[in-house]
Structures are given as C-alpha cells and as structure tokens.
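Everything on this sheet refers to the single structure shown next.
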2 protein chains.
Amino acid sequence: MSTPDFSPAGVKPAPLNEAAIALVARRFAVLSEPMRLRLIHALFAGERSVNELVDLTGGTQTNISRHLQTLAQAGIVGRRKEGLQTIYAITDPSIGQLCELVCGCLKQQLSSQVDALAP
Amino acid sequence: MSTPDFSPAGVKPAPLNEAAIALVARRFAVLSEPMRLRLIHALFAGERSVNELVDLTGGTQTNISRHLQTLAQAGIVGRRKEGLQTIYAITDPSIGQLCELVCGCLKQQLSSQVDALAP
DNA sequence: ACGCTATATGCGTATATGCGCATCTAGTGT
DNA sequence: ACACTAGATGCGCATATACGCATATAGCGT
C-alpha cells in the first residue's frame, strides 16, 4: 500500500509527486482570494482594462493591479497593452468549470445543512 | 453593464453576491495547503485513521489532526470514532473532479510553456 | 484505579500575504 | 519640453495561518 492514487472511482491522475502537489496547491491559493474571484467573475463578461476592473470591483488601483499580476503569473488571465491601458482577459477556460463545480457542491452542502436544521 | 455573470459560454451560475464569493474563496483556501492535498489524496484510497495518515504523509500528529479538522469543517471529509481511533473519509465526491480539473489545466499550461521554450 | 494509546487543543513563533501610501514608469496630447 | 493619465511597484503594517511543544481528553486493557 504505497502511495495510493487520486480519484474515488478509477480516474487515474498523476502519481502525486511533491512538485505536482505544490503546483495544485498554488493554483488553489490563487483562487482563494475574494478580490481575485471578483476579478475573474468580472472578466468572464469580457476583457477589461485595469481601471474598468477597479470600478467594477470597488477595489483600489494598487490592489487590483497586484491581484491581476498574481492571476497573470498563474496563467489564469492574460494581458495586452493598448496605448496607455492594459487589457486583461481570461485565458484559462477551465476556471469557469472550477467555479461551477465548487459552487455546485457548496450549494448542495448548504441545502443539506438546511435540511438538518429543519427536518 | 451591472454585475456581469460567471462562466464564459452561458452557463448561468449564481448572481455573485458577497457571501457566495466568500464561501468559494474559503473552499479554495482549504484546498490550497499541500499537506491537506496530501491528506485528501491519501483518503481517496479509502478511509484512514489519523495515525495511518500521519504515517502516509510524513507529517506530525498535531499538524495532521489540525488539517483534518479544517477539512472536516469544510465538509470535505467526515469522521467516525471507532474505539480509540478517529477514522476520516472523503465525503465530498466533487473534490476528485476539482483536482482532476486543476491537474489537467496545469498539465496543459506546462506543456505549452515547454512548446514555447522548444519551438 | 492506573497506565497506555489515539486524538485533540492551548499557546507561542515564524512566515506569508493582503492592503494602502507614495512613487516610478510609460504612453498621449498640447 | 510639459502636463496628464493608466498602470506598476517599493515599502511598511496588520493579519492570517502553518507548525511544533506541551498538555488535555477519551477509550481500552490490567
């Protein structure tokens, strides 16, 4: 019984080395900030400049810019200079599925908690 | 242009309120620790006692116990007392899909980086 | 009751990271 | 050249959290 495999029903993922774990953890960490999720959400409606994102999310320019750096480094968004502006856009299409998946299972967990409270 | 919707191709998720954002962020945060990912990975092979998980992951008892608390509070794992031992098991089946999804897109990103280095 | 084992937890420390202020850089128009 | 705007970044602060040590709790056997 040495190093068991991921997935509940024989889906055969990678053999779980340290590097892979670190990468996955990092990816989740990038998605674990509310402001970054707001940015991702805003960008799903289409590409946006930094200033537009500042307005849409209500954050400060500094903060938004830094979060966008983080998202870009993670390969989740891409940037394009256009004159004075920097336009950001989602580049990783799987992000949508990720959020869907999480939202779905959260909804399910919450509703079963509701059921537990009102049986 | 007020509060755009998630998902790139009309998948209609929740309207993105603050509470939802916080919950999703929290879920990702729970998954952003390498040791917790190792625990999840180990648990996919079947339920395990704390001591077994300590052996499998190489962590300390204190640390493993605390991470298991975190995972349990997040509803990702469940626990069952069996005599002296506490047996933990995955309860959220979507976790597997999540990790698959992340691994998949990371693999893709990495391979395109490889292509960029060796065109 | 006593000791042993398995887990959980209070406390302190080290590190990471989000945030804002001020400032820097770069492109644009006068 | 100068001023203006959009964005990025150095620095410092505040907070969160992972980790370990020691200890508490709880079930089991003698």
Side-chain angles (χ1 to χ4, degrees), chain A residues 18 21-43 46-91, chain B residues 18 21-43 46-91:
Chain A
E18 284 308 296
I21 285 278
L23 281 177
V24 174
R26 178 60 195 161
R27 167 62 50 120
F28 281 130
V30 168
L31 296 173
S32 72
E33 282 304 309
M35 183 57 87
R36 283 198 283 268
L37 291 180
R38 274 190 282 264
L39 288 170
I40 290 172
H41 176 263
L43 287 174
E47 54 180 28
R48 297 266 185 259
S49 72
V50 177
N51 258 343
E52 287 172 336
L53 290 169
V54 166
D55 291 346
L56 284 170
T57 61
T60 65
Q61 185 267 322
T62 299
N63 205 24
I64 298 305
S65 179
R66 245 189 272 270
H67 281 307
L68 288 169
Q69 305 299 317
T70 304
L71 290 170
Q73 280 175 4
I76 294 172
V77 305
R79 66 178 112 200
R80 186 181 93 236
K81 294 283 292 187
E82 194 160 290
L84 265 182
Q85 314 188 68
T86 310
I87 312 290
Y88 284 87
I90 302 276
T91 54
Chain B
E18 284 309 295
I21 286 278
L23 281 176
V24 174
R26 178 60 195 163
R27 167 61 51 119
F28 282 130
V30 168
L31 295 173
S32 73
E33 282 305 311
M35 183 57 87
R36 283 197 285 269
L37 290 180
R38 262 174 255 153
L39 289 170
I40 290 171
H41 176 263
L43 287 174
E47 54 180 27
R48 296 267 185 258
S49 72
V50 176
N51 256 344
E52 287 172 335
L53 291 169
V54 167
D55 291 344
L56 284 171
T57 61
T60 65
Q61 184 267 320
T62 299
N63 205 24
I64 299 304
S65 180
R66 246 189 271 270
H67 281 308
L68 288 169
Q69 306 298 317
T70 303
L71 290 171
Q73 281 174 3
I76 293 172
V77 305
R79 65 179 114 200
R80 185 181 93 236
K81 294 282 294 188
E82 193 159 290
L84 265 182
Q85 314 187 69
T86 310
I87 312 291
Y88 284 86
I90 302 276
T91 54

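In what follows, every chain begins at residue 1, and chains take the letters A, B, ... in the order their sequences are listed.
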Reckon B:Y88 has a side-chain N or O less than 4.0 Å from the OP1 or OP2 of C:dA6?
no
B:R48: which of B:I87, B:L56, B:V54 passes side chain to side chain contact (heavy atoms under 4.5 Å, CB included):
B:L56
Students often get this wrong, so: under 4.0 angstrom with heavy atoms, is A:Q85 touching a base, only sugar-phosphate, or nothing?
sugar-phosphate
Residue met sooner reading DNA chain C from 5', once B:R66 and B:E52 are mapped to nucleotides:
B:E52
Spacing of A:K81 atom NZ relative to D:dA8 atom P, expressed in whole Å:
6 Å
Presence of A:S65 side-chain N/O under 4.0 Å of D:dT9 phosphate oxygens OP1/OP2:
no
For the side chain of A:T86, counting heavy atoms from C-beta on, which of C:dG20, D:dA6, D:dA8 is nearest?
D:dA8
Whether A:S65 side chain and A:Q61 backbone form a donor-acceptor pair below 3.5 Å
no
Starting at CZ of B:R48 and ending at P of C:dT7, how long is that distance when rounded to a whole Å?
13 Å
Protein-nucleotide distance (A:L68, atom CG; C:dG18, atom C1'), rounded to Å
14 Å
How many angstroms lie between atom CD1 of A:I21 and atom NE2 of B:H41, to the nearest 0.5 angstrom?
7.0 Å
Map A:T62 and A:E82 onto DNA chain C by nearest heavy atom, then report which one ends up closer to the 5' terminus.
A:T62
Any idea which of C:dA8, D:dC19, C:dG20 is nearest the B:H67 side chain?
D:dC19
Check the distance between D:dG27's P and B:R80's CZ and give it to me in whole angstrom.
16 Å
side-chain N/O B:R36 vs D:dT17 OP1/OP2, d < 4.0 Å
no
Distance in angstrom units between A:I64 CD1 and C:dG18 P, rounded
12 Å
Just compare C:dT7, D:dG27, D:dG7 and give me whichever is closest to any side-chain atom of B:L84.
D:dG27
Polar side-chain contact B:Q69-C:dA8 base: donor and acceptor under 3.5 Å
no
Side-chain N or O of A:R26 versus OP1/OP2 of C:dT17: is the shortest distance under 4.0 Å?
yes
When rounded to whole Å, the CG to C1' distance for the pair A:L37 and C:dG18 reads 14 Å
List the steps and the verdict of side-chain contact (heavy atoms from CB on, under 4.5 Å) for A:R80 and A:E47.
CA-CA 10 Å; A:R80 186 181 93 236; A:E47 54 180 28; 2.7 Å; yes
Over how many whole Å does the gap from A:R79 atom CZ to D:dT9 atom C1' extend?
12 Å
Of B:E33 and A:N51, whose closest DNA chain D nucleotide lies nearer the 5' terminus?
A:N51
Below the 4.0 Å mark, does D:dC19 have OP1 or OP2 next to a side-chain nitrogen or oxygen of B:N63?
yes
To the nearest angstrom, the CD-P distance between B:Q61 and D:dA22 comes to 14 Å
Nearest 0.5 Å, please: how far is CZ in A:R79 from OG1 in A:T91?
11.5 Å
